[in-house]
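Structure first, commentary second.
Per chain, numbering begins at 1; letters A, B, ... match sequence-line order.
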Amino acid sequence: MPELPEVETVRRGLAPAMEGSIIERLELRRQDLRFPLPENFADASQGKRIVSLGRRAKYLLIDLDDDMTIISHLGMSGSFRVEEEAASRTPGGFALPRSKDGKHDHVLFHLRTPQGWSRVVYNDPRRFGFMHLWKRSQLDAYPPFVGLGPEPTGNLLDADYLARRLGGRTQPLKGALLDQSVVAGLGNIYVCEALWRAHLSPLRKSGSLVTPTGGPKKQLLLLTEAIRAVIADAIAAGGSSLRDHIQTDGSLGYFQHSFSVYDREGEACRTPGCNGTVSRIIQAGRSSFYCASCQK
DNA sequence: ATAGCGACCTGAGTGC
DNA sequence: TGCACTCAGGTCGCTA
């Protein structure tokens with residue numbers, strides 16, 4: 001489920017509840033997520049203050065006050081929710097409504113906040129997510145971060161960079177953009193959306209967007225801007241839905257965005273002036289949605 | 001080196 | 001109402 005914009009929205013939603021709080025207790029109900037939880041997870045976390053929440057690609061970073069960082073990946077079905085406790089309650093007095101889906105609540109952060117007490121709960125039905133502990137000063141050496149491409153929101157992603165990475169590559173654009181070493185944080189949905197905005201087919205050979213001298217063709221400039229814009233728009237949409245979403249059920253992690261092509265098989269293409277229909281094809285075992293009329 | 005595919009796990013949706 | 005089947009936003013590791 002969560003691609004970069006969803007993880008960023010989760011980060012922004014959790015920050016007010018977690019930053020500055022102390023992890024009074026870490027309750028581990030299931031250890032067997034995609035990878036086993038760290039052996040010393042509870043001991044290394046309890047009593048520590050959370051100094052800030054960060055993000056790299058689709059990874060949420062919970063920075064503790066002793067140079068350790070909890071790295072959390074939501075996999076396909078992971079989500080967090082915040083349960084606030086009134087300031088007047090005592091530590092042992094939790095009387096919050098039990099989650100309707102408690103059987104998939106795997107990690108519970110019992111927090112002491114400046115205002116009182118709260119719980120932050122990690123829920124993950126499919127258990128494709130995981131959490132690791134890593135020294136913050138050595139985060140660049142965390143194996144999944146080695147070789148990770150630039151953030152699509154940052155300055156390192158530009159058409160010249162993509163030309164260097166895509167030049168000579170015969171792989172279809174769809175696969176190249178899903179490659180986290182090319183751009184970090186794109187997933188199936190936003191690759192489909194970016195290609196639609198750039199009027200490029202997911203089947204197009206990656207190298208065809210690069211000139212013989214290795215520079216970006218105009219279409220690659222458009223693709224670069226489309227990637228940046230689709231991510232920025234999705235983050236903005238998540239941010240604007242954040243407050244309402246928390247108010248309804250306290251959960252963070254999945255927002256029903258409206259997409260232009262994703263999951264719209266058989267519907268009319270939304271490109272102005274295009275009368276095509278959205279198709280679904282399978283590439284490398286994953287669905288690609290695109291309009292064959294305006295995406296070439 | 002690159003590309004394709006199954007595996008990991010559970011739940012939601014569909015059609016009979 | 002139940003059952004069988006398909007599909008899912010991510011990533012890893014194995015093949016050719």
Side-chain angles (χ1 to χ4, degrees), chain A residues 1-10 29-37 55-60 71-80 99-106 122-132 142-149 152 164-196 202-208 227 230-231 233-235 237-238 241 245 251-266 280-290:
Chain A
M1 149 253 249
E3 302 182 28
L4 186 156
E6 287 73 29
V7 178
E8 176 62 20
T9 300
V10 168
R29 293 191 178 168
R30 275 199 83 143
Q31 305 266 356
D32 55 334
L33 303 187
R34 179 179 182 121
F35 308 113
L37 292 174
R55 180 190 57 74
R56 174 75 170 104
K58 302 169 189 172
Y59 297 80
L60 181 71
I71 302 168
S72 170
H73 194 292
L74 302 177
M76 298 266 277
S77 60
S79 66
F80 282 92
S99 163
K100 62 185 174 187
D101 191 16
K103 75 170 173 170
H104 298 305
D105 291 345
H106 305 312
Y122 178 69
N123 180 287
D124 187 356
R126 290 175 75 179
R127 287 186 285 122
F128 280 16
F130 56 87
M131 294 189 196
H132 280 144
Y142 176 58
F145 291 177
V146 175
L148 203 55
R164 286 195 299 277
R165 295 303 308 271
L166 301 182
R169 230 162 138 154
T170 58
Q171 185 185 27
L173 279 174
K174 176 66 184 303
L177 294 180
L178 279 176
D179 182 342
Q180 300 296 295
S181 78
V182 175
V183 183
L186 296 184
N188 204 33
I189 291 178
Y190 295 111
V191 168
C192 290
E193 295 292 307
L195 289 170
W196 175 81
L203 297 164
R204 178 79 172 260
K205 304 282 188 224
S206 301
S208 72
I227 291 169
V230 81
I231 294 299
D233 289 353
I235 291 173
S241 71
H245 202 84
S251 68
L252 291 157
Y254 184 26
F255 300 97
Q256 197 56 55
H257 300 306
S258 64
F259 304 117
S260 296
V261 281
Y262 182 81
D263 205 21
R264 294 192 63 243
E265 181 182 16
R280 181 171 82 105
I281 60 173
I282 303 296
Q283 292 179 281
R286 313 208 45 197
S287 291
S288 291
F289 298 88
Y290 78 112

Look at [X] and [N] and indicate whether a side-chain polar atom (N or O) is within less than 4.0 Å of OP1 or OP2.
| X | N | value |
| --- | --- | --- |
| A:Gln171 | B:dA3 | yes |
| A:Thr170 | B:dA3 | yes |
| A:Lys103 | B:dG11 | yes |

Checklist entry - Are side-chain heavy atoms of A:Ile281 and A:Leu203 found at a separation under 4.5 Å? => result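 Contact flag for A:Ile281/A:Leu203 side chains = yes.
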A:Leu195 side chain near A:Leu177 side chain, heavy-atom distance below 4.5 Å =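 They are in side-chain contact.
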- request: Could you tell me whether the side chain of A:Arg169 has a donor or acceptor atom within less than 3.5 Å of a complementary atom in the base of B:dT2?
  value: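 Not at all, since no donor on one side and acceptor on the other fall under 3.5 Å apart.
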* Under 3.5 Å donor-acceptor pair, A:Arg286 side-chain atoms to C:dA8 base atoms ->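 Absent.
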DNA chain C: A:Arg126 or A:His73, which has the more 5' nearest nucleotide?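 Looking at DNA chain C, the more 5' nearest nucleotide goes with A:Arg126.
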Nearest-nucleotide 5' precedence on DNA chain C, A:Ser287 against A:Phe35:
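Looking at DNA chain C, the more 5' nearest nucleotide goes with A:Ser287.
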Classify A:Gln283 by what it touches in the nucleic acid, base, sugar-phosphate, or nothing, heavy-atom distance under 4.0 Å.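 Answer is nothing: A:Gln283 stays at 4.0 Å or more from every strand.
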Interatomic distance at P, C:dC3 relative to B:dC9, whole Å =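 Pairwise P distance, C:dC3 against B:dC9, rounds to 24 Å.
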In whole angstroms, how far is the C1' atom of C:dG10 from the CG atom of A:Leu178?
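Answer to the nearest Å: 10 Å.
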Q: For A:Asn188 and C:dC7, give me the distance from atom CG to atom P, rounded to whole Å.
A: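 For the pair A:Asn188 CG and C:dC7 P, the rounded distance is 14 Å.
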Handout entry: Closest non-hydrogen atom pair between A:Arg280 and A:Ser287, with its separation
Key =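 Closest heavy-atom pair between A:Arg280 and A:Ser287: NH1-OG, 2.6 Å.
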Practice prompt. Decide yes or no on side-chain hydrogen bond (donor to acceptor under 3.5 Å, both in side chains) for A:Thr170 and A:Lys205, but give the supporting numbers first.
Written response: CA-CA 5 Å; A:Thr170 58; A:Lys205 304 282 188 224; over 6 Å; no
Pairs under 3.5 Å (Watson-Crick or G-U), crossing ones as [ ], inter-strand ones as |: DNA chain B comes out as .|||||||.|||||||
Notebook entry, point to check: Is the cationic atom of A:Arg126 (NZ for Lys, CZ for Arg) positioned less than 6.0 Å from the six-membered ring centroid of A:Phe128 and within 45 degrees of its normal?
Noted result: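 Yes, a cation-pi geometry.
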Less than 4.0 Å between a side-chain N and a carboxylate O, is that true for A:Arg169 and A:Asp179?
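A salt bridge is present here (some side-chain N lies under 4.0 Å from a carboxylate O).
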